[in-house]
Every structure is written in C-alpha cells, then in structure tokens.
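Because only heavy atoms are used, hydrogens play no part in the values below, and waters and symmetry mates are left out as well, while side chains stay in.
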Amino acid sequence: MIKKNKYTMLTNINNPIELRKLSIKDLDVICYELREFLLDTVNQSSGHLASGLGVIELTIALHYVYNTPIDFLIWDTGHQTYPHKIITNRRNFMKTIRQTNGLHPFPSREESEYDVLTVGHSSTSISVSSGIAVAMKKQYKNRHVVCVIGDGAITAGMAFEAINHAGDIKPNILVILNDNGISISNNIGALNNYLLNIKKYNTIKETNELIKYDSTDKKINLFQYLGFNYIGPVNGHNLKELIKILSILRLKSGPQLLHLVTVKGYGYLPAEQDPINWHSVPKYSISNNNLLLKNNATIYSNVFGDWLCYTAAKDNKLVAITPAMSYGSGMNNFSCQYPKQFFDVAIAEQHAVTFAVGLSIGGYKPVVSIYSTFLQRAYDQIIHDVALQNIPILFVIDRGGIVGPDGKTHQGSFDLSYLRCIPNIVIMTPSNENECRLMLYTGYHNQTSPSVVRYPKRPITGINKITKLYKIPLGKGIIHRYGTNIAILNFGTLFAQALIVANRLNTTLVDMRFVKPLDTSLIKKLSYNHKIFVTIEENSIMGGAGSAVNEFIMYNQLSVKVLNIGLPDLFINHGDQKQIQINLGLDSIGIYKKINNWLNKVF
C-alpha cells in the first residue's frame with residue numbers, strides 16, 4: 001500500500017494551479033516525491049516506468065511555467081506521461097492505469113482537459129501543435145503551444161514533414177526534443193548520430209532578443225536551417241535552469257526548438273542502467289531495486305524469432321526489417337546472430353515497407369515485421385509499392401487482435417479488413433504455433449506474390465513442435481471435426497475456444513488457415529450438408545474474414561445462414577487481455593452463448 005504521509009507535499013498538489021503557488025525550492029521536493037510515487041504506483045498497477053522517470057523535472061517545469069490547460073501541452077507517443085497524469089487531478093487513480101475501467105495508458109482527451117491529444121502512436125505532436133498554433137493566431141487568442149517529442153519519434157517521416165512545414169509558415173510553437181538516446185529499443189539512424197555529435201553541455205546565452213546555442217565551431221544548427229530557433233543542448237534534469245529557459249521562451253514568437261538531454265529512468269539507478277527492460281514493468285515486479293522476471297511464457301513473437309534464425313542459417317538471402325520494434329517483435333537474437341541481414345529502420349513504417357521492395361527487386365527475400373496497429377501507417381506503400389507490382393515480401397503482423405493494457409491506440413483490430421481488399425496478397429492466420437511455423441515457411445517461399453502471416457501477442461498452445469517445415473497449399477483449409485447442421489469456420493488463434501464449442505454443440509470445425517485466397521471450394525462443399533456457418537476471428541467483423549465468407553455465399557446464392565463472430569464496431573478500451581476477450585464474448589463460453597442466442601432468434 002502507498003503511505004499518504006510519505007508524500008507530504010505531493011498529496012497537496014491536485015492540479016497545476018496549486019503547483020504554481022509553490023516556490024522553486026519546494027518544487028525540488030515535489031520532484032523527489034513524484035519520482036517515489038511513480039515507482040510505488042507502477043509497481044502496483046504495471047505500466048510504463050523508465051520514460052516517466054526521465055521527464056519528472058520537465059513535467060514540473062512545463063506545468064509551472066505554462067498556464068495549462070489554457071496553454072496547450074502536447075505529449076508525443078505518451079509513454080512518458082504518468083507524471084503529467086499524477087499532477088493533473090489523477091493522482092488518486094493511478095493504481096488503476098491500464099486496468100479495466102481505469103485510467104488510460106496514454107494521454108486521452110476523454111479523460112482530462114489537460115490531455116490535448118489522444119495519442120499512442122509516435123510523431124504526431126509537431127503537426128498537431130502547428131495546427132493549433134495557426135488556429136489560435138487566426139482567432140487572435142494568446143494561448144501558448146508546447147509539444148514534447150523524443151529523439152526516437154522525431155526520426156519518423158511525419159515529424160520531418162511537420163518540421164518542414166512549420167519552418168516555412170512560422171507558427172508560434174515550442175518543440176521540446178527530449179533526447180535520451182533511446183525509445184523502446186536503442187535509437188539508430190543518421191539524425192540520432194547527428195544528435196550524438198552535438199550533445200555536449202554548453203553555456204546557454206541569454207540576450208534581449210533570443211537564446212543561442214553556443215557551439216564551438218559557430219556553424220548554424222540543422223534545425224536553424226529548417227526555420228527553427230534552436231536552443232541547446234540543455235540538461236533536462238536541472239529544474240531551476242529549465243524554469244528559467246521556459247520562462248524566456250514563453251515570450252518568444254515563431255517556431256522554437258529546445259533540445260533537452262535527459263536520462264531514461266533518471267533518479268532510479270536500476271532503470272538508468274537497463275532502460276529497455278524497465279521501459280514497461282508488470283505488477284509487483286520491483287523488489288529491493290531488482291526487476292523480478294517477467295512472464296517467460298513463449299509467445300508467437302518468439303516462434304517468429306526462432307524461425308528467422310533457423311531460416312537465415314540456411315539462406316543468406318533472407319533480410320529482416322523492423323521499424324524500431326526489434327525487442328517486441330522477437331528479433332533480438334536474430335539481430336545479434338545475423339547483424340548483416342538485419343535492418344532496424346527506426347520509427348519509419350512507410351520506409352520499412354518500400355525499403356523491403358528495393359531489397360526484393362535487388363534479389364533478396366525481405367521479411368518485414370510490424371505490429372498490426374503500426375502497419376496502418378504504411379497502407380499506401382502496401383498497395384502502391386508492394387501489391388500493385390506483386391513484389392514477393394513476407395509481412396509478419398504481430399499483435400493482431402486484442403493486445404490488452406495498451407488500449408485503443410494499440411489493439412490490432414483492423415488488419416484483416418484493410419488488407420483483404422488489396423489484390424495479389426496472401427493472408428494467413430495460424431491457429432497454433434506449428435501452423436505459424438508452416439505459414440512463415442510458406443509465405444517466405446512464395447516468390448510470386450506478397451504474403452502475410454498474422455498472429456496475436458499471446459502464449460503459444462504448447463503442442464509438440466513439428467520437426468520438418470513444408471509449404472502448405474495456398475487457399476486450403478482443414479476440417480478438424482465433423483458434426484451436424486452447423487459448421488464453424490475459424491480464422492486464427494481462437495481455434496482452441498472454437499474447438500470447445502464445436503465439441504459441446506457437435507458441429508463441424510474448420511481451420512480456414514487463409515483469409516485470402518479463401519477456400520471457396522470447401523465453403524461450397526460444406527454448404528451442401530450444413531444449414532449454418534459460424535465464422536470466428538479476432539478482427540473487426542466489418543470487412544474481416546467473416547465478411548469474405550458472406551460475400552462468397554451471397555454471390556453464389558448458397559442457401560446457408562451465417563453468424564459472424566469477431567470484434568465489434570468500436571475502439572476497444574484497455575484492460576486485461578483475457579478479461580477483454582471474455583467481455584467481448586470471445587472465450588468459449590461467450591462464443592457458445594452468441595451461437596445459442598442467435599439460433600433462438602433465427603429459428
């Protein structure tokens with residue numbers, strides 16, 4: 001339990017208005033207590049830790065200097081916003097963060113007036129800030145606009161686009177570059193190297209008109225060439241200096257960029273020394289300054305990582321690509337064993353896809369691993385650069401379906417729907433880890449079209465591992481059980497739940513394997529001796545695999561009724577992954593009830 005008397009000053013700060021009444025000396029105590037409170041609450045709730053520890057002083061300084069929420073404060077991505085939430089009326093609810101009906105894991109407009117933008121994906125802050133600043137100017141409103149973006153997020157194309165535009169139209173914005181050298185994994189790329197070259201603490205010169213970066217070689221900074229007034233690098237943990245600089249910048253017009261150097265996990269040595277593992281921690285995992293081992297259950301990402309290493313050992317034409325998600329996608333071992341065949345392109349999903357196109361044209365066999373929710377950002381590249389030209393690339397879509405605690409911005413609800421309508425693409429949904437291995441093998445060796453293998457963030461079933469990989473026939477499902485009257489057509493890893501229901505209702509059960517090409521001959525055959533089809537998928541019902549079945553049945557005028565079971569037409573909130581599945585009726589009990597209720601209405 002959190003002891004209230006442990007936080008003698010923090011408990012009196014419920015909002016930034018009360019914070020701004022304190023002396024600067026008192027703010028040092030607030031920073032100390034806020035850091036301790038963050039450690040205590042995340043240990044109880046689970047969640048993002050190291051990022052928040054690294055922006056304690058910045059968070060306090062921003063809310064102290066700027067008149068939030070009248071002034072706009074926009075956080076990019078949102079991993080770092082727990083301290084922001086704590087001092088903006090949400091301290092007493094922090095133990096509920098990422099829990100069902102609890103606080104959102106990222107900034108959320110519906111949660112607080114202090115959260116200007118609902119966010120979870122990176123690199124949106126500069127665009128939004130520019131738009132708000134232009135809107136304020138048009139309305140003659142003197143409301144300041146500040147955004148905080150990390151050195152990982154600023155490498156993404158959208159951030160560059162926004163900087164390019166803002167440097168031209170000159171909106172009154174302050175962009176704070178929070179440079180800690182790491183996002184979720186280590187940062188890479190030319191811009192990261194550039195920042196490394198200028199990260200030396202220098203004297204900040206103050207004049208009546210502007211603050212200049214005192215560089216030893218007197219060359220104009222890159223951001224100045226792009227139309228921004230650059231200030232930095234500045235120690236992002238020196239609270240007094242931050243308040244001084246922000247107070248001056250608050251009076252300036254035009255685009256400003258303040259370059260802060262921070263340490264991810266600052267103030268808590270274990271997190272400083274290992275910011276990757278301390279990025280996000282499970283409940284009750286902090287004990288005596290040690291991070292207790294996370295759940296070591298093998299998940300589908302691990303199956304993919306093992307397959308990558310297995311295949312690379314036999315084929316030096318394999319190249320694997322990730323947009324800054326090597327750790328989460330299970331590619332760390334591969335990146336160490338085969339560094340010349342591995343490319344982390346940073347937070348650049350569009351580039352990742354089209355870079356793979358070039359590798360394929362050049363004679364290599366690219367494998368692109370991207371989370372479902374992030375692949376949305378590369379949709380045009382999939383259509384225009386890949387499918388239109390029928391380029392053979394294997395897309396490995398991780399986090400398909402319900403992800404759980406990260407909530408609305410990260411659920412993998414839509415990939416089957418937005419990919420299924422694209423010509424020339426093969427889409428596979430494994431029902432277990434062996435199917436996953438076979439589909440990875442099949443997709444990789446399909447050199448006539450792009451292929452997709454899509455799986456969730458979930459432990460594998462634990463079945464005996466197959467000893468030999470082979471290509472499975474494209475567009476062919478497997479009947480696992482014969483029953484009467486009803487045929488359940490399963491797409492993906494809800495197969496175990498579907499099997500329980502099939503046994504209970506004595507239905508036929510089919511592992512469809514392919515969303516595209518659909519096994520239409522099997523569907524037609526099943527329609528002759530079944531009155532009802534039930535499709536099951538962990539994807540949006542609208543436009544998903546079940547919709548493909550519906551379209552075929554209607555076009556061919558098959559006399560069979562269809563019930564589609566999947567994700568509803570809404571953005572699914574955060575919470576425990578299993579509990580969300582239960583709430584949505586996607587466990588075996590829920591599926592059974594959905595079928596029975598539907599049968600009672602139809603017959």
Side-chain angles (χ1 to χ4, degrees), residues 185 296-345 352-353 356 359-360 364-372 374-375 391-401 412 415 419 425-474 478 491-493 495 511 513-515:
S185 300
N296 285 326
T298 301
I299 61 175
Y300 283 88
S301 305
N302 304 129
V303 173
F304 166 61
D306 290 344
W307 172 84
L308 270 182
C309 293
Y310 169 84
T311 307
K314 300 173 180 294
D315 188 352
N316 62 10
K317 289 291 186 179
L318 180 148
V319 284
I321 303 162
T322 178
M325 299 306 295
S326 172
Y327 183 83
S329 295
M331 302 171 76
N332 268 8
N333 289 340
F334 175 83
S335 67
C336 295
Q337 293 181 39
Y338 302 94
K340 293 183 178 180
Q341 293 171 250
F342 172 76
F343 294 94
D344 184 340
V345 300
V353 172
L359 284 165
S360 179
Y364 283 81
K365 300 176 183 177
V367 179
V368 181
S369 178
I370 304 183
Y371 289 8
S372 168
F374 299 142
L375 188 60
I391 303 293
I393 295 171
L394 173 59
F395 290 96
V396 180
I397 302 181
D398 204 330
R399 271 65 168 176
D415 52 88
L419 292 173
I425 198 164
V426 174
I427 306 172
M428 294 172 274
T429 53
S431 56
N432 58 50
E433 56 269 32
N434 281 340
E435 284 286 298
C436 186
R437 295 179 182 108
L438 293 175
M439 289 177 181
L440 289 169
Y441 183 90
T442 301
Y444 181 72
H445 288 91
N446 174 26
Q447 290 299 301
T448 60
S449 67
S451 300
V452 169
V453 178
R454 183 254 202 187
Y455 49 75
K457 182 185 181 182
R458 191 168 301 146
I460 60 176
T461 64
I463 60 175
N464 292 330
K465 184 177 179 179
I466 55 176
T467 57
K468 185 177 181 180
L469 298 181
Y470 55 88
K471 290 177 69 173
I472 61 176
L474 297 184
I478 300 175
F491 297 87
T493 56
F495 181 83
D511 181 2
R513 283 182 156 181
F514 292 85
V515 176

**Q** Take a 6.0 Å sphere around NZ of K457 and say whether it holds more than 12 heavy atoms from other residues, nucleotides or ligands.
**A**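 For K457, atom NZ is not crowded (no more than 12 foreign heavy atoms under 6.0 Å).
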**Q** For the atom pair CG (L318) and OH (Y444), what is the distance rounded to the nearest 0.5 Å?
**A**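 It comes to 4.0 Å.
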**Q** Which pair of heavy atoms, one from Q341 and one from D315, lies closest together, and at what distance?
**A**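 For Q341 and D315, the tightest heavy-atom pair comes out as NE2-O, 3.5 Å.
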**Q** Using a 3.5 Å distance criterion without hydrogens, assess whether the side chain of D306 forms a donor-acceptor pair with backbone atoms of V303.
**A**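 No.
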**Q** May I ask you to test the L469-W307 pair for a side-chain heavy-atom distance under 4.5 Å?
**A**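 Heavy-atom side-chain distance check passes, below 4.5 Å.
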**Q** State, yes or no, whether a side-chain contact exists between L419 and I397 at a heavy-atom distance under 4.5 Å.
**A**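 Side-chain contact under 4.5 Å: yes.
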**Q** Does F495 reach the side chain of N432, with side-chain heavy atoms less than 4.5 Å apart?
**A**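 The answer is no; the side chains never approach within 4.5 Å.
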**Q** Rounded to the nearest 0.5 Å, how far does NZ of K317 lie from CG of L359?
**A**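 The CG atom of L359 sits 10.5 Å away from the NZ atom of K317.
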**Q** With the side chain counted from C-beta on, respond yes when L474 and V426 share a heavy-atom pair under 4.5 Å apart, and no when they do not.
**A**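 In contact.
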**Q** Compute whether any side-chain donor of one residue and acceptor of the other, for T322 and D344, lie under 3.5 angstrom apart.
**A**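 On atom types as modelled, these side chains do not qualify, holding no pair under 3.5 Å.
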**Q** Looking at every non-hydrogen atom in both residues, tell me the closest pair between N333 and C309 and how far apart they are.
**A**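 Answer, listing the atom of N333 first, then C309: C-SG, 4.2 Å.
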**Q** Any side-chain heavy atom of S369 within less than 4.5 Å of one from F304?
**A**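 S369 vs F304: side chains touch.
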**Q** Which heavy atom of A312 sits nearest a heavy atom of F334, and at what distance?
**A**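 Smallest heavy-atom distance, with atoms named: CB-CE1, 3.5 Å.
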**Q** Check whether any side-chain heavy atom of D398 lies under 4.5 Å from a side-chain heavy atom of I370, and answer yes or no.
**A**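 Side-chain contact under 4.5 Å: no.
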**Q** Rounded to the nearest 0.5 Å, what's the gap from CD1 on I460 to CG on N434? Could you check?
**A**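 Going from CD1 on I460 over to CG on N434, the span is 8.5 Å.
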**Q** Any idea which heavy atoms bring R513 and P473 closest together, and the distance?
**A**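 Looks like NH1-CD, 4.5 Å.
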**Q** Have S451 and N446 got a donor and an acceptor in their side chains that come within less than 3.5 Å?
**A**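 Yes, because at least one side-chain N or O of S451 sits under 3.5 Å from a partner of the opposite role on N446.
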**Q** Would you say the ring centers of Y338 and F342 fall short of 6.0 Å from each other?
**A**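 Not under 6.0 Å, so no.
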**Q** Would E435 and M428 count as a side-chain contact (heavy atoms from CB on, under 4.5 Å) if you check the C-alpha gap in whole Å, the side-chain angles of each, and the deciding distance to 0.1 Å?
**A** CA-CA 10 Å; E435 284 286 298; M428 294 172 274; over 6 Å; no
**Q** Quick check for you: to the nearest 0.5 Å, what is the distance between M331 atom CE and M325 atom CE?
**A**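 That separation rounds to 11.0 Å.
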**Q** Closest approach of I321 and A356, non-hydrogen atoms and distance?
**A**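 The answer is CD1-CB, 3.6 Å.
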**Q** Is any side-chain heavy atom of K465 closer than 4.5 Å to one of R437?
**A**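 Yes; the side chains approach each other to less than 4.5 Å.
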**Q** What's the separation between atom CZ in R399 and atom OG in S372, rounded to the nearest 0.5 Å?
**A**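 Interatomic distance, R399 CZ to S372 OG, rounded to 0.5 Å: 11.0 Å.
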**Q** Report the distance from atom CG of L375 to atom CG of D415, rounding to the nearest 0.5 Å.
**A**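 Reported to 0.5 Å precision, the distance equals 7.5 Å.
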**Q** Considering all heavy atoms of both residues, which atom of T442 and which atom of I472 are nearest to each other, and what is their separation?
**A**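 Closest approach of T442 to I472: OG1-N, 3.0 Å.
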**Q** Treating Q447 as the side-chain partner and P392 as the backbone partner, does any N or O pair qualify as donor plus acceptor under 3.5 Å?
**A**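 Not confirmed, Q447 side chain does not pair with P392 backbone.
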**Q** Find out whether T311 and Y441 are in side-chain contact, i.e. whether some heavy atom of one side chain is under 4.5 Å from a heavy atom of the other.
**A**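 The answer is no, as the side chains (C-beta and beyond) never meet within the 4.5 Å cut-off.
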